[in-house]
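Just follow the structure's listing: the first ligand is 1, and inside any ligand the first atom is 1. These numbers were taken from a predicted model, which means no experiment stands behind them.
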Amino acid sequence: MPATDLVQVVNLCKRRGFVFPSAEIYGGFRSTYDYGPLGVLLLRNVKDAWWRSMVQLRDDVVGLDAAVLSPPAVWEASGHLKNFTDPLVDCRNCHQRWRLDKLDDPRTCPNCGAKDSFTEARQFNLMFKTYAGPVEEDAAIAYLRPETAQGMFTNFLNVLQTTRKKPPFGIAQVGKSFRNEITPQNWIFRTREFEQMELEFFVPPAEAAQWYEYWCAERLQWYVDLGMPREMLRLRAHDADELSHYSAGTSDVEYLFPWGWDELEGIANRTDYDLTQHAQHSGVRLDYFDPATNERYVPYVVEPAAGATRAMAAFLLAAYDEDTVDGEARTVLRLHPRLAPYKVAVLPLSKKETLTPLAKELFRTLAPRFMCDYDDTQSIGRRYRRQDEIGTPLAVTVDFESLDDKAVTIRDRDSTKQVRVPIDRLVDEVAARLAF
Ligand code: GAP
């Protein structure tokens with residue numbers, strides 16, 4: 001059973017070293033989070049799984065890593081300076097700030113319950129502004145990107161000219177984005193600093209509708225393939241009044257979070273909006289000449305845009321489970337092996353000198369192939385519980401018999417079943433069991 005309460009996962013993540021409140025020794029810092037020893041592995045695995053599926057396994061997508069800092073001209077052209085705003089209201093009674101469009105009842109303050117206490121809504125731009133260089137003058141204004149997408153539009157020609165790709169083809173990028181969210185909430189679900197995984201897929205305009213359908217199906221399936229229960233996922237098409245300023249159609253992949261259905265990623269038909277805007281503002285022609293038809297056209301863009309940190313939260317919630325093993329309650333993260341921070345834990349039964357050399361040797365044998373943990377603290381039962389709780393699919397136990405029979409025990413996280421395996425077959429056996 002996936003977690004029904006966010007607190008279950010937040011506590012586990014703090015206790016086991018996945019996610020810490022940022023600057024915690026100073027009391028934390030405004031809904032920012034640090035990813036600990038296990039969180040950094042899980043987040044990296046989420047991003048790697050996305051990259052593998054979107055770039056590595058495809059011959060029609062290439063990667064990019066564009067700058068986070070960018071000049072106002074980019075955001076002027078993209079429409080973000082004008083349109084990337086949320087309606088902000090203040091409660092005159094308790095002085096709390098709210099995003100008007102996210103309130104269940106736009107007349108009642110959720111904090112103090114006051115009626116009709118809100119100020120007029122002000123449009124608040126979500127971009128973080130800073131200065132590039134030592135002087136804080138208008139000419140030095142720069143913005144932290146609020147989406148990775150624009151770097152892919154501004155590099156459209158560079159990529160086209162250097163890769164010999166032609167539409168339909170895509171540019172993929174994973175990286176940090178920043179939004180000065182009015183109400184960051186639900187742990188790492190909505191933060192001001194977060195990571196995105198975005199694909200801009202450039203297509204002949206006549207093919208946009210068909211590619212939009214294709215990417216909606218493809219992206220939903222990605223979450224299912226990585227272990228999310230299908231019934232906790234859905235695709236929801238945006239109503240016309242929800243659409244972003246650039247979109248001719250958007251569907252969200254939603255997950256059934258503890259607080260209800262909410263967005264994991266958006267798939268949008270951005271039309272030729274971005275390339276046209278950047279061409280107009282930069283004076284550089286951003287189109288494609290098709291030698292087969294002798295026609296020049298501005299490609300349409302279909303964009304699957306996911307959040308890496310948000311996906312990580314959902315994968316944790318979906319994987320969380322509590323069950324009973326031999327009459328003892330345990331918490332287990334049933335993470336897909338591709339996502340699990342550690343694939344294998346090497347556990348010598350005892351800390352005794354006699355077992356350590358063999359256990360260390362097994363760690364050195366497995367570590368080049370699989371991310372491994374080595375743990376020789378506490379009782380073996382407690383170590384199994386710990387590995388279950390952090391989602392390690394396999395535990396390899398080295399016992400005193402191992403010295404004689406040259407075999408070890410492999411324990412499976414989900415079934416807790418144990419099998420004896422000869423050491424010289426261990427790597428193959430682990431690879432077969434992880435099967436990804
Ligand atoms: N380029 C299109 C774009 O950025 P978006 O729907 O605003 O679209 C895409 O963002 C994804 O990025 C979202 O579905 C979500 O997963 C993630 N995301 C957006 N804002 C976020 C925030 N404040 N914190 C965490 N993730 C966020």
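- The side chain of Arg270, and not its backbone, has at least one atom closer than 4.0 Å to an atom of ligand 1 (non-hydrogen atoms only; side chain from C-beta on).
- Here's the thing with Glu200: none of its N/O atoms is less than 3.5 angstrom from an N/O atom of ligand 1.
- By the 4.0 Å N-to-carboxylate-O rule, Glu429 lies close enough to Arg433 to be salt-bridged with it.
- If you look at Tyr246 next to ligand 1, the close heavy atoms, those under 4.0 Å, all belong to the side chain.
- Among protein heavy atoms, the minimum distance from atom 20 (N) of ligand 1 is reached at Arg179 NH1, 3.3 Å.
- Only the backbone of Leu264 comes within 4.0 Å of ligand 1, judged by heavy-atom distances.
- Tested against Gln387, the residues Val332, Val344, Thr392, Leu333 include a single side chain to side chain contact (heavy atoms under 4.5 Å, CB included) partner, Thr392.
- His278 pairs with exactly one of Val284, Leu157, Val74 by the side chain to side chain contact (heavy atoms under 4.5 Å, CB included) rule, that one being Val74.
- Here the heavy atom of the protein found nearest to atom 17 (C) of ligand 1 is Gly307 CA, 3.7 Å.
- At a heavy-atom distance under 4.0 Å, only side-chain atoms of Glu263, from C-beta outward, approach ligand 1.
- No close placement of the His336 and Phe315 rings is indicated, their centers lying 6.0 Å or farther apart.
- Aromatic pair Trp259/Phe189: centroids less than 6.0 angstrom apart.
- Within ligand 1, the atoms closer than 4.0 Å to a non-hydrogen atom of Ala149 are 1 (N), numbered from 1 in the order shown.
- Distance check: Arg179 CZ to Asp86 CG gives 9.5 Å after rounding to the nearest 0.5 Å.
- Electrostatic pairing of Arg334 and Asp414 counts as a salt bridge here, judged by a charged N lying under 4.0 Å from a carboxylate O.
- Phe189 O, 3.1 Å is the protein heavy atom nearest to atom 25 (C) of ligand 1.
- Salt-bridge annotation for Asp116 and Arg107: present, with a side-chain N of the basic residue lying under 4.0 Å from a carboxylate O of the acidic one.
- The closest protein non-hydrogen atom to atom 26 (N) of ligand 1 is Phe194 CD1, 3.5 Å.
- Looking only at heavy atoms of the protein, atom 24 (N) of ligand 1 is closest to Thr191 N, 3.0 Å.
- When non-hydrogen atoms are compared, ligand 1 lies under 4.0 Å from the backbone of Ala305 as well as from its side chain.
- Of the possible donor and acceptor atoms, one in the side chain of Arg310 sits under 3.5 Å from a partner among the backbone N and O of Glu263.
- Among all non-hydrogen protein atoms, the one lying nearest atom 12 (O) of ligand 1 is Gln196 NE2, 3.2 Å.
- The side chain of Glu198, and not its backbone, has at least one atom closer than 4.0 Å to an atom of ligand 1 (non-hydrogen atoms only; side chain from C-beta on).
- Remark: ligand 1 atoms within the under-4.0 Å shell around heavy atoms of Glu303 are 1 (N), 2 (C).
- The distance from ligand 1 to the heavy atoms of Glu147 drops below 4.0 Å at these ligand atoms: 1 (N), 2 (C), 3 (C), 4 (O).
- Which parts of ligand 1 touch Glu265 is read off a 4.0 Å heavy-atom cut-off, strictly below it: atoms 14 (O).
- Side-chain polar atoms of Glu265 and Tyr223 form a donor-acceptor pair below 3.5 angstrom.
- With sequence neighbours left out, Glu295 forms a side chain to side chain contact (heavy atoms under 4.5 Å, CB included) with Thr293.
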